[in-house]
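So that the names make sense, note that chain A is the first sequence line, chain B the second, and so on, each numbered from 1.
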Number of protein chains: 2
Amino acid sequence: MSIAEQSAVVRRFNRSYTQRIGALEDSFLGMGAPLGTMRLLFEIGAEPGTVQALRARIGLDSGYLSRLLRHLEADGLVALTPDPEDRRRRRVELTVSGRERWAELEARSDERARALVEPLTARQRERLARALAEADLLVRAATVTIETVDPLAAAARAAVGRYVAELDRRFPAGFAPGDPSPADASELSPPGGAFVVAVSDGEPVACGGVRTVAEGVGEIKRMWVHDGWRGAGLGSRLLRHLEGVSHDLGHRVVRLDTNETLTEAIAMYERAGYRRIERYNDNPYATDFFEKTHGA
Amino acid sequence: MSIAEQSAVVRRFNRSYTQRIGALEDSFLGMGAPLGTMRLLFEIGAEPGTVQALRARIGLDSGYLSRLLRHLEADGLVALTPDPEDRRRRRVELTVSGRERWAELEARSDERARALVEPLTARQRERLARALAEADLLVRAATVTIETVDPLAAAARAAVGRYVAELDRRFPAGFAPGDPSPADASELSPPGGAFVVAVSDGEPVACGGVRTVAEGVGEIKRMWVHDGWRGAGLGSRLLRHLEGVSHDLGHRVVRLDTNETLTEAIAMYERAGYRRIERYNDNPYATDFFEKTHGA
DNA sequence: ACATTTCGCTGACTTTAGTCAGTTGTTCGA
DNA sequence: TCGAACAACTGACTAAAGTCAGCGAAATGT
């Protein structure tokens, strides 16, 4: 299927979808407040926080949001309190009756989704759920943004923390790299290196770094993909991205080491055109070594 | 997967989808006219016709639509002409510059869809397209409405026409039922029978009828499902619906005849609990005969 | 300690979307 | 052939959504 055909499928789907369900949230109508206000209430209930975070999440004009919040407050559905950490900010949360109303929204939304699925036979329902779950994963994967960050930044530390935890779980003898030294971080920072994190909905879902091991030779380090995101091609995408980073650093060759337990990773490297080479370092956790020449 | 889990999947998908792409049509913004107006233009371009048909398709207030059309007309984008067949009606179509603008909308929409698909690897793109196509089919199938109609009504005749054409194509010796006599139609109408048509987007996509062959015995006739809708469970749903109709007519037993060439149909009858019986009529096109007792 | 920025807020405003009752011209059925 | 029904239209209206400039309090950088 060509890209043009694929995007036609997306458009066709989008059309039938928005016409029929897209408006799962239309069920928020007729609840005594305009749709936008109810949607806001729903959003607050799903994840309370600061007004600021809310605005970032749903992208409303600050003045407009303020006004909507005032309506909700007047109806006794939300409570606004100054944020103790920064008293310019205000925290929003639902009151008791706000939570009641929120539950009602939940129920309506649920009912709508159920009504969609209901007329299908059990088999078709199963197929639909499977297809939507698959599409969900891929749509999320497609909209992940890969950003270059400082390896000491919060997002990077969080991602690396999960990377280490996973290796520790998977390696028979565990994984205990010495405390990440500042030297480690600087190797993965400009000018000799870089570190990237892939973020979705504010959560780190994958990461990886490149450092310089020799003139013209880069090494990929600490590459990790969140469990829930395996099988969405995020690994391959990240790998390609890191190869690009390495190339931008002026390298012609990328290397990496890995452990034989990480079979999916190895399969991915091979698929991406890496070939096995001799051990090139004394990393005790590494058993397999790979290399790829740019453009190959 | 339980229905609750399935509707959770729908909701989860809906959330990530609407946040990220849902608004493929937001690309219509900033084109010098409000979104609604542009959407209307797009709709007219996709399928010109009478104002009436347009209103049915997109569900706008007649006054409101009229006004929007006037804007588009003033901008020289659409042309309205009285329908020669019924001069109360007006036909709408795009002018030359309207078509230009429409092409621009198409391009934008396409670009959006492409941008979604682009970051994925070829394999993942393929998977996404497949999942969305599957979801599309099932979502459409789920929202088909099955209506009881007069067998002489336009929708019914259209559906039966396609049914006959398909049998004629599939039977080795063709299929030429005598002209549908008025008697045929009355058999499939109350009080002794009924005819139903499944409609999606105004198009008949499936049909079927029930008539009374004896006290307590109904017969399913002229059951047909549109080619493009095979594999979406529409056949089973329709069959169950017709069994319900037969039961409502006071029958305890439903029969049907079919031809051995229609293997998928036969498989479906067997899956639905029908069992083979002896020939019970002299229909020359029938080779296989089935029966099911209500509640069995 | 002071200018600058940030955060949420208010007031004044516009645009978009939509409703509703009633009008005009046309067709259809008795 | 006449009244009912129908299609599209107009005018008068409302509600919802959103924009924008500017304000005051709190935080921040220098």
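- Here the CE-CZ distance, from A/Met38 to A/Arg108, works out to 9.0 Å after rounding to the nearest 0.5 Å.
- Summarising the geometry of A/Asp61 relative to A/Arg55, their closest heavy-atom pair is C-CD, 4.2 Å, with the distance given to 0.1 Å.
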Pairs of donor and acceptor atoms involving the side chains of residues 98-106 of chain B, under 3.5 Å and at least two apart or interchain, shall be tabulated with distances.
from, atom 1, to, atom 2, distance (Å)
B/Arg99, NH1, B/Leu94, O, 3.3
B/Arg101, NH2, B/Met31, O, 3.3
B/Trp102, NE1, B/Phe42, O, 2.9
B/Glu106, OE1, A/Arg11, NH1, 3.4
B/Glu106, OE2, A/Arg11, NH2, 3.0

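- If one axis is set at each end of the helix from C/dA1-D/dT30 to C/dA30-D/dT1 from five pairs, those axes are 30° apart, to 10°.
- Contacts between residues 71-89 of chain A and DNA chain D, defined by a heavy-atom separation below 4.0 Å, involve A/Asp86, A/Arg87, A/Arg88, listed by number.
- No side-chain heavy atom of B/Val197 sits under 4.5 Å from any side-chain heavy atom of B/Ile146.
- Taking a heavy-atom distance under 4.0 Å as the criterion, the stretch of DNA chain C touched by chain B extends 5' to 3' from C/dT16 to C/dT27.
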Checklist entry - Yes or no on side chain to side chain contact (heavy atoms under 4.5 Å, CB included) for A/Val144 and A/Val205, after CA distance, side-chain angles and deciding distance? => result CA-CA 9 Å; A/Val144 154; A/Val205 296; 4.1 Å; yes
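- Remark: the backbone N or O of A/Glu43 is paired with a side-chain donor or acceptor of A/Arg57 at under 3.5 angstrom.
- In this structure, the side chains of A/Phe195 and A/Cys207 come closer than 4.5 Å at one or more pairs of heavy atoms.
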Validation: residues 63-79 of chain B side-chain donor-acceptor distances under 3.5 Å, sequence neighbours left out:
from, atom 1, to, atom 2, distance (Å)
B/Arg70, NH1, B/Ser66, O, 3.2
B/Arg70, NH2, B/Ser66, O, 3.1

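- Contact detail for B/Pro48 and B/Val92: the closest heavy-atom pair is CB-O, 3.4 Å.
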Could you go over nucleotides 16-24 of chain D and give all protein N or O partners under 3.5 Å, atom names and distances?
from, atom 1, to, atom 2, distance (Å)
D/dA17, OP1, A/Gly36, N, 3.4

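- When heavy atoms are screened at a 4.0 angstrom cut-off, A/Arg91 is found touching no nucleic acid atom at all.
- Annotation for A/Glu111: atom CD does not count as buried by contact number, only 12 or fewer foreign heavy atoms lying within 6.0 Å.
- A distance of 10.5 Å separates CD of B/Glu93 from CD1 of B/Ile44, quoted to the nearest 0.5 Å.
- Ion pairing between B/Arg87 and B/Asp83 fails under the 4.0 Å rule for side-chain N and carboxylate O.
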